[in-house]
Amino acid sequence: MRTIRVKASSRDLSPLLAGAATAVAGCGALLALADSDSPLRGTFTLFFLLAAPAAAIAAALRGLEPFGRLLTAVAGSVVVNMLVAQGMLAVHRWSVRGGIVAVAAISVLALLLVLARRPRGRPAHEADDSPVPVDR
């Protein structure tokens with residue numbers, strides 16, 4: 001009889017953390033759209049406004065190192081939010097719901113463009129253009 005030992009690593013938690021972040025961001029968007037009086041509305045909505053565009057931008061930047069991709073995605077997220085706010089102020093149509101919907105639409109559109117650009121028949125990790133080291 002052979003005993004199989006499973007080593008716990010930090011990579012095992014990444015799908016769980018991604019799911020939790022998605023749930024928190026989704027709750028934030030729903031709380032803001034429903035105009036709820038929950039004390040968590042502001043925090044969760046802010047998380048949605050930062051995480052949704054950042055996830056779409058990070059998906060487009062597969063070739064960068066993880067820290068560079070994170071930094072660029074967060075900076076791009078702030079830029080998307082500022083452009084949405086500036087556009088809404090310029091046309092005199094400021095609303096919280098409109099901002100949430102606009103940021104969500106831009107994020108989904110960017111993510112769909114990334115998915116459409118990916119070659120068919122290849123998994124996501126093979127579709128990026130980063131060089132693969134060869135051991136000889």
Side-chain angles (χ1 to χ4, degrees):
M1 179 180 261
R2 187 174 183 189
T3 303
I4 299 175
R5 295 181 187 206
V6 178
K7 294 182 181 179
S9 69
S10 62
R11 292 184 187 258
D12 295 337
L13 292 178
S14 59
L16 179 66
L17 293 176
T22 303
V24 168
C27 286
L30 289 176
L31 287 173
L33 291 174
D35 199 23
S36 172
D37 289 333
S38 172
L40 297 174
R41 180 179 80 173
T43 307
F44 285 4
T45 303
L46 179 63
F47 183 76
F48 169 77
L49 288 173
L50 288 174
I57 293 170
L61 301 174
R62 281 233 182 264
L64 290 179
E65 293 181 14
F67 181 71
R69 184 170 35 167
L70 174 72
L71 190 64
T72 306
V74 170
S77 174
V78 171
V79 168
V80 167
N81 285 306
M82 290 297 160
L83 287 174
V84 167
Q86 186 67 31
M88 291 175 71
L89 288 173
V91 297
H92 303 290
R93 298 288 183 208
W94 175 258
S95 75
V96 174
R97 289 183 179 141
I100 297 288
V101 170
V103 168
I106 291 171
S107 300
V108 167
L109 180 64
L111 192 58
L112 287 176
L113 287 174
V114 169
L115 293 176
R117 191 180 69 182
R118 186 170 294 151
R120 295 181 192 266
R122 291 173 54 188
H125 66 280
E126 292 179 9
D128 60 4
D129 296 326
S130 61
V132 178
V134 177
D135 294 332
R136 294 181 188 216

### Task
Please report the shortest heavy-atom distance between A73 and A54, naming the atom on each side.
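Closest approach of A73 to A54, heavy atoms only: CB-O, 3.3 Å.
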### Query
For the residue pair T72 and G68, what are the closest heavy atoms and their distance?
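Taking T72 first and G68 second, the nearest heavy atoms are OG1-O, 2.7 Å.
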Listed once per pair and sorted, the salt bridge (Lys or Arg N to Asp or Glu O under 4.0 Å) pairs that draw on [range], sequence neighbours left out:
{"range": "residues 51-61", "result": "none"}
{"range": "residues 97-107", "result": "none"}
{"range": "residues 70-90", "result": "none"}

Residues forming a side chain to side chain contact (heavy atoms under 4.5 Å, CB included) with [X], sequence neighbours excluded:
{"X": "L70", "answer": "V74"}
{"X": "T22", "answer": "none"}
{"X": "A102", "answer": "V84"}
{"X": "A59", "answer": "L111, V114"}

### Query
Are V80 and I100 linked, directly or through other ILVMFWY residues, by side chains that come within less than 4.5 angstrom of each other?
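Same hydrophobic cluster.
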### Message
Please tell me whether F48 and L30 are part of a single hydrophobic cluster in this structure, the criterion being side-chain heavy atoms less than 4.5 Å apart.
### Response
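In one cluster with F48: L30, no.
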### Message
Can you pull out every side-chain hydrogen bond (donor to acceptor under 3.5 Å, both in side chains) where at least one residue sits in residues 37-58? Sequence neighbours excluded, please.
### Response
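Matches after skipping sequence neighbours: D35-R41.
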Hey, what else clusters with [X] if you join Ile, Leu, Val, Met, Phe, Trp, Tyr whenever side-chain heavy atoms sit under 4.5 Å?
{"X": "L113", "value": "L109"}
{"X": "F47", "value": "V24, L31, L40, F44"}
{"X": "L83", "value": "V79"}

### Query
Nearest 0.5 Å, what's the CG-OG distance between L49 and S107?
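One finds 9.0 Å between CG of L49 and OG of S107.
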Let me have the donor-acceptor pairs involving side chains of residues 88-95, under 3.5 Å, with sequence neighbours excluded, atom names and distances please.
from: S95; atom 1: OG; to: G98; atom 2: N; distance (Å): 2.9

